[in-house]
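The structure under discussion appears below in the form of structure tokens.
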Amino acid sequence: MAATKTYLTGIQTSGMPHLGNYIGAIRPALEAAREHDSMYFLADYHALNSVRDPAKLRHDVRSVAATWLACGLDPERTVLYRQSSVPEVFELATVLGAVTAKGLMNRAHAYKAARDRNAEAGVDDLDAGVNMGLFNYPVLMAADILVMEADIVPVGRDQRQHIEYTADIAGSFNHLYGAAYAFPVPEGEFPEGESSLLPGTDGRKMSKSYDNHIPLFLPENKLKKLVRRIPTDSTPVEDPKDPDTSAVFQLLEHFADADRTAAVRKRLEAGGMGWGELKNELFDVLNGLFGPMRERYDALMEPDSELDAVLEDGAERARARAKATMAKVRAATGIA
Ligand code: ADP
Ligand code: TRP
């Protein structure tokens, strides 16, 4: 057994990440990557289940990879790769399919939710609109994890069942073939406590599905416009204000350093600072933090940037690991 644990996670490739994704997923993952052996991959074959536009799929994968690099991911330390660059993932998914009960998939949350939606809409065929990619999603995700012999999988709480399924599926394989080869059984790592959710431009949780999100790398004028749109009440400039009920202040708190946040808090509580000025302050903080990253992002998105070479290098390292696992799996199962 390796002494150091390997951290692995899959990144959805659905468009440019927003400030909420940065706080909830990207920043913690970058911190973890500084401390652990880590592998992060772009889950492009998972995206294929729902994205039908080839140009969009291609663009989104590059865009998400460029975002993580621009935010500071060090590709020397962390293996960054496209899922589709590692065909062993799909070979292992076939092997795992042979040891996975269909009933387990019937109980998967995403699949059940799709059936419930059909039931609610009065559709007779509860499987209407469900493709095999959605149904098999947990098996492919198990393959993503097990092919790299990952130990720890940092994910959002909504992914808990997927990690349990992966452990289940690894257990089935190990039960049958463990004398020859056994997968390390991975553990999920979930955010602790009530992780603070970043509000969006309408004050609700920032989310792509609410269309209230602020993408990470916007041109200055667009960023300014979105910040202006965040709702505030009509308290006059001179009056004292409660910073903790303001979405603008909550955003500021996540991105400004402690001194700056404390100074603004004091001024709001004392009165004399208007919401407009607070918004200018937030714009300034966001632009200062993400401006340089945006330049890096734009450079990486150029057609001949080093982005593709970085992903190629990651793919090579990931594949070497996946090949070694598959050799053991093939031998254990009698396929070799
Ligand atoms: P969206 O709601 O925009 O579709 P996702 O569900 O794809 O975002 O979230 C991807 C990751 O970003 C998850 O780890 C999630 O916890 C984090 N995240 C998303 N929105 C927020 C938010 N408003 N505040 C904090 N973290 C968030
Ligand atoms: N299902 C994960 C999500 O929706 C993404 C993902 C795909 C993943 N394969 C993975 C995460 C393997 C961790 C490990 O966020």
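The basis for the numbers below is simple: all heavy atoms, side chains too, and nothing from hydrogens, waters or symmetry mates. A quick note: this is a predicted structure, and the numbers were derived from the prediction, not measured. Whatever order the structure lists them in is the order used to number ligands and atoms, beginning at 1.
- Near A25, meaning under 4.0 Å from any of its heavy atoms, are these atoms of ligand 1: 11 (C), 12 (O), 14 (O).
- Between I23 and ligand 1, no N or O atom pair is found at a separation short of 3.5 Å.
- Ligand 2 places these atoms under 4.0 Å from at least one heavy atom of V153: 13 (C), 14 (C).
- Between R265 and D242 there is no salt bridge, since none of the side-chain N atoms of the basic residue sits less than 4.0 Å from a carboxylate O of the acidic one.
- Considering backbone and side-chain N/O atoms, S209 never comes within less than 3.5 Å of an N/O atom of ligand 1.
- Of all atoms in ligand 2, listed by their number and element, those nearer than 4.0 Å to a heavy atom of Q159 are 1 (N), 2 (C), 3 (C), 4 (O), 15 (O).
- Each of the atoms 22 (C), 24 (N), 25 (C) of ligand 1 lies under 4.0 Å from some heavy atom of L197.
- Closest protein heavy atom to atom 4 (O) of ligand 2: Q12 NE2, 2.6 Å.
- Atom 1 (P) of ligand 1 has S207 OG, 3.5 Å as its closest protein atom, hydrogens excluded (heavy atom only).
- Using a 3.5 Å distance cut-off with no hydrogens or angles, the side chains of D37 and T4 do pair a donor with an acceptor.
- Under the 30°/60° scheme for interplanar angles, the aromatic rings of H162 and Y137 are found to lie parallel.
- Between K328 and E149, at least one side-chain nitrogen of the basic residue sits less than 4.0 Å from a carboxylate oxygen of the acidic one, meeting the salt-bridge criterion.
- Atom 18 (N) of ligand 1 lies below 4.0 Å from at least one non-hydrogen atom of the protein.
- In terms of heavy-atom proximity, A93 sits nearest to L140 at CB-CD1, 4.3 Å.
- Ion pairing between a basic and an acidic side chain is recognised when a charged N comes within 4.0 Å of a carboxylate O; E277 and K241 show no such pairing.
- The shortest contact between atom 6 (O) of ligand 1 and any protein heavy atom is with K205 NZ, 4.8 Å.
- Aromatic ring centres of F290 and Y22: separated by under 6.0 Å.
- Closest to atom 27 (C) of ligand 1, if we only count protein heavy atoms, is G20 O, 3.2 Å.
- For atom 3 (O) of ligand 1, the nearest protein heavy atom lies under 4.0 Å away.
- Of the candidates H46, M39, H162, H46 brings a heavy atom nearest to atom 7 (C) of ligand 2.
- Atoms of ligand 2 lying under 4.0 Å from at least one heavy atom of V155, given by number and element, are 11 (C), 13 (C).
- Among all protein heavy atoms, the one lying closest to atom 7 (O) of ligand 1 is Q12 OE1, 4.0 Å.
- The single protein non-hydrogen atom nearest to atom 10 (C) of ligand 1 is N21 ND2, 3.4 Å, given as residue, atom name and distance.
- The distance from atom CG of L198 to atom OG of S207, rounded to the nearest 0.5 Å, is 11.5 Å.
- Crowding of Y111 atom OH: a count of heavy atoms from other residues, nucleotides or ligands under 6.0 Å exceeding 12.
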For the pair K102 and N106, evaluate side chain to side chain donor-acceptor pair (under 3.5 Å) and give the outcome as yes or no after the intermediate values.
CA-CA 6 Å; K102 174 177 175 284; N106 290 342; 3.3 Å; yes
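- F173 and Y177 have tilted rings, their planes meeting at an angle from 30° to 60° on a 0 to 90° scale.
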Salt bridge (charged side-chain N to carboxylate O under 4.0 Å, His left out) between D284 and R260, worked out
CA-CA 12 Å; D284 198 50; R260 191 160 181 178; 2.9 Å; yes
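- Within ligand 1, the atoms closer than 4.0 Å to a non-hydrogen atom of M206 are 20 (N), 21 (C), 22 (C), 23 (N), numbered from 1 in the order shown.
- The contact set between ligand 2 and F41, taken as ligand atoms under 4.0 Å from a residue heavy atom, comprises 9 (N), 10 (C), 12 (C).
- Among protein heavy atoms, atom 11 (C) of ligand 2 sits closest to G10 N, 3.2 Å.
- Neither the backbone nor the side chain of L140 has a heavy atom within less than 4.0 Å of ligand 2.
- In this structure, the protein non-hydrogen atom closest to atom 16 (O) of ligand 1 is G24 O, 4.6 Å.
- Salt-bridge annotation for R317 and D313: present, with a side-chain N of the basic residue lying under 4.0 Å from a carboxylate O of the acidic one.
- In this structure, the protein non-hydrogen atom closest to atom 24 (N) of ligand 1 is L198 N, 2.9 Å.
- Among protein heavy atoms, atom 1 (N) of ligand 2 sits closest to Y137 OH, 2.7 Å.
- Less than 4.0 angstrom separates some heavy atom of I145 from each of these atoms of ligand 2: 12 (C), 14 (C).
- Taking a cutoff of 4.0 Å between a charged side-chain nitrogen and a carboxylate oxygen, E88 and R319 qualify as a salt bridge.
- For atom 9 (N) of ligand 2, the closest non-hydrogen atom on the protein side is D144 OD2, 2.8 Å.
- Counting heavy atoms under 4.0 Å from ligand 1, residue H18 touches it through the side chain alone.
- Remark: of the listed residues K56, R62, R58, K56 is the sole one forming a side-chain hydrogen bond (donor to acceptor under 3.5 Å, both in side chains) with D60.
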